[in-house]
> 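I am attaching a structure below and will ask some questions about it afterwards.
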Amino acid sequence: MEKIKKDFILGEFRRLALCAAGFAICLFILMRFSPQLAAYQPLPWLAVAAILVLAGLRSVMLARTGIGGLTDSDIYLLEKEYLADHPVYRVWQGEIHLLPSFIVCRNRGRLLFIPLHKIERVERRFDRIGMRKVPFAKFILDTSQSISIGFSPNHAKDSEAVYTWLAERIGKDKVGE
């Protein structure tokens with residue numbers, strides 16, 4: 001389980017580092033061309049640092065929450081399956097790991113564990129981003145919980161591979177359009 005948690009935290013910190021670089025560039029440009037902001041120089045930098053620290057703490061807490069909902073047998077099975085070779089695809093702000101009995105997903109700062117035996121159906125949906133249709137999957141579990149996972153606009157073709165894999169594992173009748 002430590003490997004899963006470590007991979008999640010590293011992925012989230014990479015994402016936050018990119019956000020920090022974007023914040024720093026924007027703030028640098030603002031301070032460079034706005035003399036009024038230059039007088040308050042340390043405060044905007046501290047605000048950016050505080051936002052990033054809070055986002056990092058949120059990621060750590062969400063990882064702990066995701067792992068906390070698992071049983072000991074689930075953790076044992078996950079550790080064994082995660083270390084073996086398995087397909088990994090890009091999703092929006094993360095990746096999805098397709099294991100023999102679980103789906104492990106880092107999506108929008110969340111760490112999700114979806115047991116295959118609890119999936120009642122998977123709905124294929126689309127969001128519009130500009131002129132493109134970006135797919136996302138809505139997993140409906142037998143606990144009447146639904147989990148939405150958006151695919152990356154740059155890797156929209158990965159969704160077809162995930163849907164094909166799901167149809168093979170849980171049945172074509174459960175993977176809908």
Side-chain angles (χ1 to χ4, degrees), residues 1-19 55 58-177:
M1 189 53 71
E2 292 302 316
K3 171 93 169 109
I4 297 172
K5 194 182 338 179
K6 179 183 154 202
D7 288 350
F8 171 75
I9 297 296
L10 286 176
E12 283 302 298
F13 282 136
R14 267 191 299 260
R15 184 174 69 89
L16 290 175
L18 289 173
C19 289
R58 176 186 174 267
S59 295
V60 170
M61 288 174 52
L62 286 174
R64 181 172 283 173
T65 303
I67 293 170
L70 298 171
T71 64
D72 290 338
S73 62
D74 289 342
I75 291 172
Y76 173 76
L77 194 59
L78 274 167
E79 286 175 344
K80 191 172 98 175
E81 291 178 356
Y82 191 81
L83 294 176
D85 287 339
H86 59 275
V88 179
Y89 297 100
R90 300 285 305 159
V91 295
W92 182 251
Q93 297 179 354
E95 68 272 338
I96 188 168
H97 298 260
L98 304 174
L99 306 176
S101 58
F102 277 90
I103 295 173
V104 178
C105 184
R106 181 176 66 88
N107 181 248
R108 289 185 254 155
R110 301 175 299 167
L111 180 59
L112 303 169
F113 299 100
I114 305 171
L116 289 180
H117 67 276
K118 290 190 177 189
I119 297 175
E120 281 190 4
R121 69 181 188 280
V122 180
E123 296 176 357
R124 217 183 275 207
R125 306 253 175 115
F126 293 94
D127 280 339
R128 286 224 174 262
I129 297 179
M131 296 297 291
R132 292 197 274 180
K133 286 182 4 182
V134 178
F136 73 92
K138 185 174 184 179
F139 293 90
I140 291 108
L141 306 179
D142 62 2
T143 59
S144 68
Q145 178 186 12
S146 67
I147 300 169
S148 293
I149 297 174
F151 290 92
S152 171
N154 298 331
H155 301 93
K157 297 286 183 193
D158 285 355
S159 68
E160 291 303 318
V162 172
Y163 290 127
T164 302
W165 184 89
L166 282 167
E168 290 172 2
R169 294 290 192 268
I170 64 173
K172 290 181 181 180
D173 57 322
K174 291 185 177 184
V175 181
E177 290 294 317

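All values reported here derive from a predicted model rather than from experimental measurement.
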> Could you tell me if the side chain of I140 sits less than 4.5 Å from the side chain of I119, heavy atoms only?
no
> In Å, rounded to the nearest 0.5 Å, how long is the span from CD of E79 to CD of E2?
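Going from CD on E79 over to CD on E2, the span is 8.0 Å.
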> If only atom types and distance count, is the side chain of E81 paired as donor or acceptor with the main-chain N or O of S101 below 3.5 Å?
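Indeed, once roles are kept as given, a pair shorter than 3.5 Å links the two residues.
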> Is any side-chain heavy atom of I149 closer than 4.5 Å to a side-chain heavy atom of I114?
yes
> Please find the pair of heavy atoms, one from G150 and one from R108, that lie closest to each other, and give the distance.
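So the minimum-distance heavy-atom pair works out to N-NH2, 4.1 Å.
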> Any side-chain heavy atom of V104 within less than 4.5 Å of one from F8?
no
> Does W92, at its CH2 atom, have more than 12 non-hydrogen atoms belonging to other residues, nucleotides or ligands within less than 6.0 Å?
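At most 12 heavy atoms, drawn from other residues, nucleotides or ligands, come within 6.0 Å of this atom.
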> Does N107 use its side chain to pair, donor to acceptor, with the backbone of Q93 at less than 3.5 Å?
no
> Tell me, please, which residues at least two apart from D7 pass salt bridge (charged side-chain N to carboxylate O under 4.0 Å, His left out).
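Only K3 meet the salt bridge (charged side-chain N to carboxylate O under 4.0 Å, His left out) criterion with D7.
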> Between L111 and L62, does a side-chain contact (heavy atoms from CB on, under 4.5 Å) hold up when you go through it step by step?
CA-CA 7 Å; L111 180 59; L62 286 174; 5.9 Å; no
> Return the OG1 to CZ distance between T65 and R58, rounded to the nearest 0.5 Å.
10.5 Å
> Side-chain contact test, heavy atoms from C-beta onward, threshold under 4.5 Å: evaluate it for S146 versus F139 and give yes or no.
no
> Would you give the length of the straight line joining atom OG1 of T164 to atom CZ of R169, rounded to the nearest 0.5 angstrom?
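One gets 11.5 Å once the value is rounded to the nearest 0.5 Å.
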> Identify the two heavy atoms, one from E123 and one from Y163, that lie closest to each other, and give their separation to 0.1 Å.
O-OH, 4.3 Å
> Which pairs, with at least one residue in residues 94-125 and sequence neighbours excluded, count as a ring pair (Phe, Tyr, Trp, His ring centres under 6.0 Å)?
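Passing the test, one end in residues 94-125: Y82-H97, H86-H97.
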> Indicate yes or no: at least one non-hydrogen side-chain atom of L116 is less than 4.5 angstrom from one of L166.
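Of all side-chain heavy-atom pairs linking L166 with L116, at least one is under 4.5 Å.
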> Closest approach of A137 and V122, non-hydrogen atoms and distance?
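Where A137 meets V122 most closely, the heavy atoms are CB-CG1, 4.1 Å.
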> Contact between V88 and I96 at the side-chain level, heavy atoms closer than 4.5 Å - yes or no?
no
> Got more than 12 heavy atoms from elsewhere within 6.0 Å of CG, D173?
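Check passes, neighbour count above 12.
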> Do V91 and F136 have side chains that approach each other closer than 4.5 Å (heavy atoms only, starting at C-beta)?
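In short, these two side chains do not touch, never coming nearer than 4.5 Å.
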> Is a side-chain donor or acceptor of D158 paired with a backbone partner of R90 at a separation under 3.5 angstrom?
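Yes, the answer is positive, given that a donor and an acceptor are paired below the 3.5 Å cut-off.
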> CD1 of I75 to CD1 of I67: how many Å apart, nearest 0.5 Å?
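Here the rounded value is 7.5 Å.
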> Could you grab the distance from atom CD of E120 to atom OG of S144, nearest 0.5 Å is fine?
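Spacing of CD (E120) from OG (S144) equals 8.5 Å.
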> Roughly how far, to the nearest 0.5 Å, is the CG atom of L10 from the NZ atom of K5?
12.5 Å
> Minimum heavy-atom separation for G109 and E12, please, with both atom names.
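Taking G109 first and E12 second, the nearest heavy atoms are CA-OE1, 3.3 Å.
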